[in-house]
Amino acid sequence: MRQLVREHQLSAADLIQPLFVVHGARVEREIGSMPGVFQLSVDQALDQEVDRIRSLGIPAVLLFGIPASKDDVGSENFEENGIVQQALRRIRQRHPDLLLISDLCCCEYTSHGHCGVIREGLVDNDATLEILGKAAVSHAAAGADIIAPSGMMDGMVASIRAELDAAGHIDQAILSYAVKYASAFYGPFREAAGSAPAFGDRRQYQMDPANVREAVLEAALDEAEGADLLMVKPALAYLDVVRAVRERTQLPLLAYNVSGEYAMVKAAAQQGWIDESKVVVEALTGMRRAGADAIITYHAKAAAGWLALEGGS
Ligand code: PBG
């Protein structure tokens with residue numbers, strides 16, 4: 001009876017697994033604050049992980065590259081042989097039908113850890129757009145199906161669309177991190193990606209957690225600029241924002257269940273204080289109920305496994 005009258009479904013097909021790729025050979029380095037999540041080198045280490053993801057029925061991965069060296073403008077983000085480009089080519093060849101999403105932010109690649117080019121202590125929005133355009137074309141050429149700009153620069157979607165089209169990448173879609181809050185829940189990610197800002201914080205470009213009207217506005221602007229999919233991030237403390245955006249756009253909407261949300265669940269589960277699989281499935285179902293079509297989550301693999309067990313019982 002409960003199955004028959006269930007209002008919202010959650011399945012592996014709704015999940016996207018983030019991956020961190022690094023230089024080196026046979027690297028599988030676990031991230032301290034994210035047990036079960038690894039930095040992987042672009043060789044058998046990555047192959048094995050992606051094979052597992054695919055066999056669980058997860059349709060997409062979101063790639064983050066950790067460069068060999070960082071500089072002012074984050075050059076490795078648009079180098080033909082950058083780490084993310086290598087990973088995209090390798091996965092594309094091995095799994096032609098896996099959807100490849102690449103995160104376009106500069107913060108993992110810049111020496112100062114900010115999401116753009118710095119001028120006089122602040123991110124220069126328009127100078128950053130040029131870099132993002134180059135990086136988008138480079139990721140698309142390496143095999144990305146979806147380019148995901150995460151830096152919250154104004155005008156980023158329109159300018160990336162124009163650059164992709166000019167380079168002939170007309171079929172690549174744009175997933176905009178349209179609604180991204182300046183959140184303390186990103187803490188563990190910054191350890192995973194080595195991307196903590198060297199000075200200041202991200203409040204110049206990320207949103208105030210107190211605002212929801214602004215979220216609707218940001219989503220509408222990105223839609224008008226040509227975004228194909230929109231995202232709200234983080235997820236758990238922002239389910240009302242997911243709902244508000246859902247009600248005002250017809251575009252597919254994603255929620256990003258971020259690193260701090262993962263770390264909290266892991267820590268409590270390790271203490272034996274909560275039942276990890278039940279808590280995760282409940283939280284992800286809540287995100288679907290709030291209006292997310294798909295969810296980016298570090299729990300994707302584990303959740304896909306638990307859901308398969310549930311379905312089989
Ligand atoms: C890059 C980026 C961040 C995350 C995704 N892309 C970090 C940030 O903005 O500081 C966070 C993801 C997570 O916490 O899981 N800008």
Side-chain angles (χ1 to χ4, degrees), residues 15-21 31-39 61-67 70 74 76-77 84 101-118 123 125 128-129 131-132 135-136 139 144 146-154 156 160 174-209 218 229-238 254-267 280 283-284 287 292 295-301:
L15 305 177
I16 298 167
Q17 177 75 51
L19 291 174
F20 297 99
V21 292
I31 294 144
S33 50
M34 300 175 74
V37 179
F38 295 79
Q39 294 178 338
V61 293
L62 171 63
L63 287 165
F64 294 96
I66 293 131
K70 305 182 186 231
E76 196 178 312
N77 202 4
V84 100
I101 310 175
S102 73
D103 183 278
L104 200 62
C105 198
C106 302
C107 66
E108 303 102 89
Y109 298 94
T110 51
S111 41
H112 43 73
H114 276 285
C115 303
V117 181
I118 299 290
V123 169
N125 190 90
T128 302
L129 296 184
I131 306 269
L132 293 178
H139 292 199
I146 300 182
I147 304 294
S150 61
M152 290 292 281
M153 296 299 126
D154 292 336
M156 66 184 182
I160 289 167
I174 297 177
L175 158 61
S176 181
Y177 285 64
V179 181
K180 181 173 179 182
Y181 287 91
S183 170
F185 286 99
Y186 307 150
F189 174 91
R190 293 176 185 170
E191 180 195 342
S195 65
F199 60 88
D201 54 38
R202 302 210 200 290
R203 286 183 299 171
Q204 186 201 344
Y205 37 97
Q206 297 181 351
M207 286 175 48
D208 182 345
E218 289 283 355
L229 310 98
L230 299 174
M231 187 203 296
V232 170
K233 175 186 174 187
L236 279 180
Y238 298 87
L254 276 62
Y256 196 145
N257 178 214
V258 300
S259 58
E261 299 170 4
Y262 177 85
M264 292 193 302
V265 171
K266 278 288 179 192
V280 168
L284 296 176
M287 292 167 208
I295 302 160
I296 300 167
T297 176
Y298 302 96
H299 266 117
K301 273 186 307 170

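Read the numbers this way: they start at 1 and go in the same order the structure lists the ligands and their atoms. These numbers come from the heavy atoms of this one structure, side chains and all, not from hydrogens, waters or symmetry mates.
Less than 4.0 angstrom separates some heavy atom of Cys107 from each of these atoms of ligand 1: 1 (C), 16 (N). Those atoms of ligand 1 with a heavy atom of Tyr256 less than 4.0 angstrom away are 12 (C), 15 (O). Per-residue contacts place Tyr298 under 4.0 angstrom from the following atoms of ligand 1 (heavy atoms of the residue considered): 12 (C), 13 (C), 15 (O). Heavy-atom contacts of Cys115 reach the following atoms of ligand 1: 16 (N) (cutoff under 4.0 Å). Applying the 4.0 Å criterion to heavy atoms of Cys105 picks out, from ligand 1, the atoms 1 (C), 16 (N). Set against the non-hydrogen atoms of Lys233, the atoms of ligand 1 under 4.0 Å away are 2 (C), 3 (C), 4 (C), 5 (C), 6 (N), 11 (C), 12 (C). Of all atoms in ligand 1, numbered sequentially from 1 with element shown, those under 4.0 Å from a heavy atom of Asp103 are 6 (N).
A donor-acceptor contact closer than 3.5 angstrom is absent between the side chains of Asn125 and Tyr205.
Checking side-chain atoms of Glu191 against main-chain N and O of Pro188 turns up no donor-acceptor pair under 3.5 Å. Side chain of Asn77 to backbone of Cys105: a donor-acceptor contact under 3.5 angstrom is found. Proximity of a side-chain donor or acceptor of Gln17 to a complementary backbone N or O of Lys301 within less than 3.5 Å is detected. For the pair Gln39 (side chain) and Ala192 (backbone), a donor-acceptor distance under 3.5 Å is present.
When only non-hydrogen protein atoms are considered, atom 10 (O) of ligand 1 lies nearest to Arg190 NH2, 2.6 Å.
Ligand 1 has an N or O atom lying under 3.5 Å from an N or O atom of Ser259, backbone or side chain. In terms of polar-atom proximity, defined here as any N/O pair under 3.5 Å, Glu108 makes no such contact with ligand 1.
Note on ligand 1: Tyr262 sits outside its first shell, no heavy atom being nearer than 4.0 Å. Residue-ligand proximity: Ser150 is placed with a non-hydrogen atom under 4.0 Å from ligand 1.
Which of Lys180, Glu261, Arg202 comes nearest to atom 16 (N) of ligand 1 through a heavy atom is settled by distance: it is Lys180.
Taking OH of Tyr262 as the reference point, atom CD1 of Ile31 lies at 9.0 Å (rounded to 0.5 Å).
Screening Leu104, Ile101, Leu230 against Leu175 for a side chain to side chain contact (heavy atoms under 4.5 Å, CB included) leaves a single residue, Ile101.
Ring centroid separation for the pair Tyr186 and Tyr181 does not come in under the 6.0 Å cut-off.
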For Phe189 and Phe20, run ring pair (Phe, Tyr, Trp, His ring centres under 6.0 Å): C-alpha distance rounded to whole Å, both residues' side-chain angles, the deciding distance at 0.1 Å, then the answer. CA-CA 10 Å; Phe189 174 91; Phe20 297 99; 5.7 Å; yes
